[in-house]
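Input: a single structure, listed below in structure tokens.
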Amino acid sequence: MSASLAGQTPLATTDALFFDRPDAALDRDAAARLLGRALANADDGELFLEYRESESISLDDGRIRSAEFDTSLGFGLRAVAGEATGFAHAGEISEDALKRAAATVAAVASGHQGVAAEPPRASNSRLYSAVSPFAGTDFGKRTGLLAEIDHYARGKDAGVRQVMASITGEWQAVQILRADGGRVADLRPLVRLNVSVVMEKDGRRETGSYGTGGRFDYGRIMEEGIWRAAVDEAIRQALVNLDSRPAPAGEMPVVLGSGWPGILLHEAIGHGLEGDFNRKKTSAFSGLMNQRIASPGVTVVDDGTLVDRRGSITVDDEGTPSGRTVLIEDGYLRGYLQDRLNARLMGVQPTGNGRRQSYAHAPMPRMTNTIMLGGQHTREEMIRSVKRGLFAVNFGGGQVDITSGKFVFSASEAYMIEDGQITYPVKGATLIGNGPDALTKVEMIGDDPALDPGIGTCGKNGQGVPVGVGQPTLKVSGLTVGGTRA
């Protein structure tokens with residue numbers, strides 16, 4: 001369906017998907033009437049319409065193991081009265097379904113005399129192509145890419161024992177309607193390529209992996225230079241792991257690599273700066289606005305306006321244009337990430353961070369691309385300054401407690417630093433610490449800020465949304481490293 005709509009404006013495209021189809025069961029007038037009825041006494045709310053196409057193809061050892069394609073269509077209707085929210089959704093877009101939803105959500109404002117919140121400002125910006133990722137290539141080319149990856153990886157190094165690769169793509173079309181008659185639409189492409197290899201050396205087997213993607217079509221990741229670089233990086237990581245030794249344990253200085261290691265910043269700090277946690281005073285950063293919370297030089301922004309990035313959104317899922325929000329400036333707390341509900345209750349402006357996983361979920365404050373800005377030190381300076389410590393280049397999984405700020409992260413690629421030099425790779429290192437405390441231990445900030453390759457997905461309250469992270473190389477004076485040797 002999406003390919004036939006290429007070239008139209010987002011509003012025209014979504015009108016064709018939701019209202020103007022021959023089999024459409026809802027027209028714009030009926031939608032406006034029922035929305036007005038549902039939000040008559042509310043402070044805020046919206047009707048969120050969504051159509052989504054999604055695909056996933058995976059290869060394992062030269063064979064296509066799975067290939068899935070799915071479409072979904074539905075709406076979410078929300079009414080907000082004070083701090084209370086009424087929300088209903090349906091996997092169809094019809095007048096009957098919307099009538100039932102309107103009656104349900106209107107109950108939250110029963111007896112409430114709300115004052116309608118100011119609507120989001122208009123935006124004409126476009127941060128990515130509106131065209132579906134599926135429009136430029138056919139299924140055969142996409143499966144053929146995975147076969148090429150397998151062939152190239154095995155020819156690259158005789159130690160390769162297993163190759164796993166996958167590509168995923170989706171095209172999300174949304175239209176957001178408000179009771180004041182405002183309508184906002186967005187068309188969002190998203191693709192990702194993942195490559196993993198298992199390699200063997202002297203009877204030992206290790207894995208390496210790499211992923212890349214963003215808000216563009218499949219053509220980008222099908223470029224030979226892109227997918228070959230992904231394979232090369234996965235092989236490089238596996239070779240590093242084959243030479244790794246058990247990680248040490250104890251508190252020590254840690255140098256964090258640039259780019260993807262920003263995931264630690266995202267999890268340990270970013271979630272604590274979301275508006276809902278701070279309004280409810282459950283964040284470690286609650287009540288600290290304009291106070292110093294980090295070392296001098298630490299500046300962190302959340303920027304949803306970066307072209308083609310995985311975490312970028314032209315407008316958020318409430319219709320507010322995306323923005324660049326300064327969270328920490330030179331060590332001082334300057335802002336929180338806000339959706340419309342929390343911004344209104346806290347007496348501030350929304351920041352364009354109201355996001356939801358799908359039509360079946362209510363929006364909440366979420367990050368987009370969360371980035372620490374660069375400083376003046378080189379990576380070499382940081383390494384030379386460490387007597388004994390860890391250089392953590394890549395991270396796997398992790399978890400954080402929002403209230404306390406405590407975090408645990410596993411390093412998928414790390415090296416020992418001894419007497420100012422990188423000596424050997426280590427395996428099994430975990431970083432244990434406290435986000436607010438770690439911010440005050442940043443001693444050196446690199447001049448090499450970088451973004452992740454486009455692979456992040458953030459989970460919160462059971463919802464997952466695509467995000468980006470980034471940072472320069474950083475030296476933190478002391479973190480607890482969990483390992484298997486002293």
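Small disclaimer: the values here were computed from a predicted structure and weren't measured.
- Considering all non-hydrogen atoms of both residues, Ala392 and Ala414 come closest at CA-CB, 4.1 Å.
- With sequence neighbours left out, Thr104 forms a side chain to side chain donor-acceptor pair (under 3.5 Å) with no residue at all.
- Between Tyr218 and Pro133, the shortest heavy-atom distance links the atoms CD1-O, 3.4 Å.
- Within the structure, salt bridge (Lys or Arg N to Asp or Glu O under 4.0 Å) contacts touching residues 329-341 (residues at least two apart or in different chains) are Asp44-Arg340, Glu329-Arg334.
- Partner Ser358 forms a side chain to side chain contact (heavy atoms under 4.5 Å, CB included) with one of His89, Glu50, Gln463 and no other, that one being Glu50.
- Put simply, the side chain of Asn369 gets close to the backbone of Gly311: a donor and an acceptor are under 3.5 Å apart.
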Could you go through the salt bridge (Lys or Arg N to Asp or Glu O under 4.0 Å) check for Arg78 and Glu318 one step at a time? CA-CA 10 Å; Arg78 183 179 65 148; Glu318 299 176 306; 2.7 Å; yes
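- With hydrogens and angles disregarded, no donor-acceptor distance shorter than 3.5 Å links the side chain of Tyr210 to the backbone of Ile235.
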CA sep, side-chain torsions, deciding dist, call: Thr368, Asp302, side-chain hydrogen bond (donor to acceptor under 3.5 Å, both in side chains): CA-CA 6 Å; Thr368 57; Asp302 186 83; 2.6 Å; yes
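- Side-chain atoms of Asp43 come within 3.5 Å of backbone atoms of Val115 as a donor-acceptor pair (strictly under, hydrogens ignored).
- In this structure, Asn241 contributes its side chain and Lys427 its backbone to no donor-acceptor pair below 3.5 Å.
- Residues passing the side chain to side chain donor-acceptor pair (under 3.5 Å) test with Glu380: none are found, sequence neighbours excluded.
- A salt bridge is defined here as a Lys NZ or Arg NE, NH1 or NH2 lying under 4.0 Å from an Asp or Glu carboxylate O, and Asp303 with Arg309 fails to meet this definition.
- Of the possible donor and acceptor atoms, one in the side chain of Gln357 sits under 3.5 Å from a partner among the backbone N and O of Gly464.
- Every pair passing salt bridge (Lys or Arg N to Asp or Glu O under 4.0 Å) that includes a residue from residues 351-365 is listed here, sequence neighbours excluded: Glu46-Arg356.
- For Lys441, the side chain to side chain contact (heavy atoms under 4.5 Å, CB included) partners two or more places apart in sequence, or in a different chain, are Glu251, Asp437, Val476, Ser477.
- Leu256 and Gln471 make their closest contact through CB-NE2, 3.6 Å (heavy atoms, listed as atom of the first residue, atom of the second, distance).
- If you run side chain to side chain contact (heavy atoms under 4.5 Å, CB included) between Tyr415 and each of Val393, Val426, Leu390, only Val393 comes through.
- Here Lys387 pairs with Asp419 under the side chain to side chain donor-acceptor pair (under 3.5 Å) rule; sequence neighbours left out.
- Counting only N and O atoms by type, the side chains of Ser412 and Asn394 include no donor and acceptor under 3.5 Å apart.
- Just one residue in the list Leu273, Val300, Asn290 forms a side chain to side chain contact (heavy atoms under 4.5 Å, CB included) with Leu333, and that residue is Leu273.
- No side-chain donor-acceptor contact under 3.5 Å links Arg379 to the backbone of Pro472.
- Here CE of Met382 is found 10.5 Å from CD1 of Ile417. Values are rounded to the nearest 0.5 Å.
- Remark: Arg310 pairs with Thr457 by the side chain to side chain donor-acceptor pair (under 3.5 Å) rule, at least two apart or across chains.
- At least one donor-acceptor pair under 3.5 Å links the side chain of Ser295 to the backbone N or O of Val442.
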Would Thr305 and Ser322 count as a side-chain hydrogen bond (donor to acceptor under 3.5 Å, both in side chains) here? Give the steps. CA-CA 6 Å; Thr305 69; Ser322 186; over 6 Å; no
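- Taking CG of Asp308 as the reference point, atom CZ of Arg220 lies at 5.0 Å (rounded to 0.5 Å).
- Inspection of the Asn434 and Ser404 side chains reveals no N or O donor paired with an N or O acceptor under 3.5 Å.
- Taking 4.5 Å as the limit, some side-chain heavy atom of Gln338 sits within range of a side-chain heavy atom of Val348.
- The side-chain heavy atoms of Met164 and Ser58, taken from C-beta on, include no pair separated by under 4.5 Å.
- Of all heavy-atom pairs spanning Ala429 and Val481, the tightest one is CB-CG1, 4.3 Å.
- When all heavy atoms of Gly470 and Leu265 are compared, the closest pair comes out as O-CD2, 4.1 Å.
- For the atom pair CG of Leu193 and CD1 of Ile226, the computed distance is 9.5 Å after rounding to the nearest 0.5 Å.
- With values rounded to the nearest 0.5 angstrom, Leu146 atom CG is found 11.5 Å from Asp60 atom CG.
- The CD atom of Glu418 sits 12.0 Å away from atom CD1 of Ile383, with the distance rounded to the nearest 0.5 Å.
- Checked against side chain to side chain contact (heavy atoms under 4.5 Å, CB included), Lys460 has the following partners two or more places apart in sequence or in another chain: His271, Glu274, Asp276, Phe277, Met364, Pro365, Arg366.
- Judged as a salt bridge (Lys or Arg N to Asp or Glu O under 4.0 Å), not a single pair has a partner in residues 389-408 (not counting sequence neighbours).
- Judged by distance alone, with hydrogens and angles left aside, the side-chain atoms of Tyr336 form no donor-acceptor pair with the main-chain N or O of Asn278 at under 3.5 Å.
- Scanning for side chain to side chain contact (heavy atoms under 4.5 Å, CB included) contacts around Glu381 gives His377, Thr378, Arg384, Met444, with sequence neighbours left out.
- The structure places CZ of Phe409 at 4.5 Å from CD of Glu267, a figure rounded to the nearest 0.5 Å.
- At least one donor-acceptor pair closer than 3.5 Å links the side chain of Ser283 to the backbone N or O of Gly272.
- Shown here are the ring pair (Phe, Tyr, Trp, His ring centres under 6.0 Å) partners of Tyr152, two or more places apart in sequence or in another chain: Trp227.
- Judged purely by atom type and a 3.5 angstrom limit, Ser312 uses its side chain to pair as donor or acceptor with the backbone of Leu306.
- Atom CZ of Arg178 is surrounded by more than 12 heavy atoms from other residues, nucleotides or ligands within 6.0 Å.
- Contact check on Arg236 versus Glu413 returns a salt bridge, with a Lys/Arg side-chain nitrogen under 4.0 Å from an Asp/Glu carboxylate oxygen.
- The side chain to side chain contact (heavy atoms under 4.5 Å, CB included) test applied to Ile455 returns Arg192, Trp260, Asp452, Pro453, not counting sequence neighbours.
- Of all the heavy atoms in Tyr359 and Gly91, the pair that sits closest is OH-CA, 3.4 Å.
- Around CD of Gln349, the count of heavy atoms belonging to other residues, nucleotides or ligands within 6.0 Å does not exceed 12.
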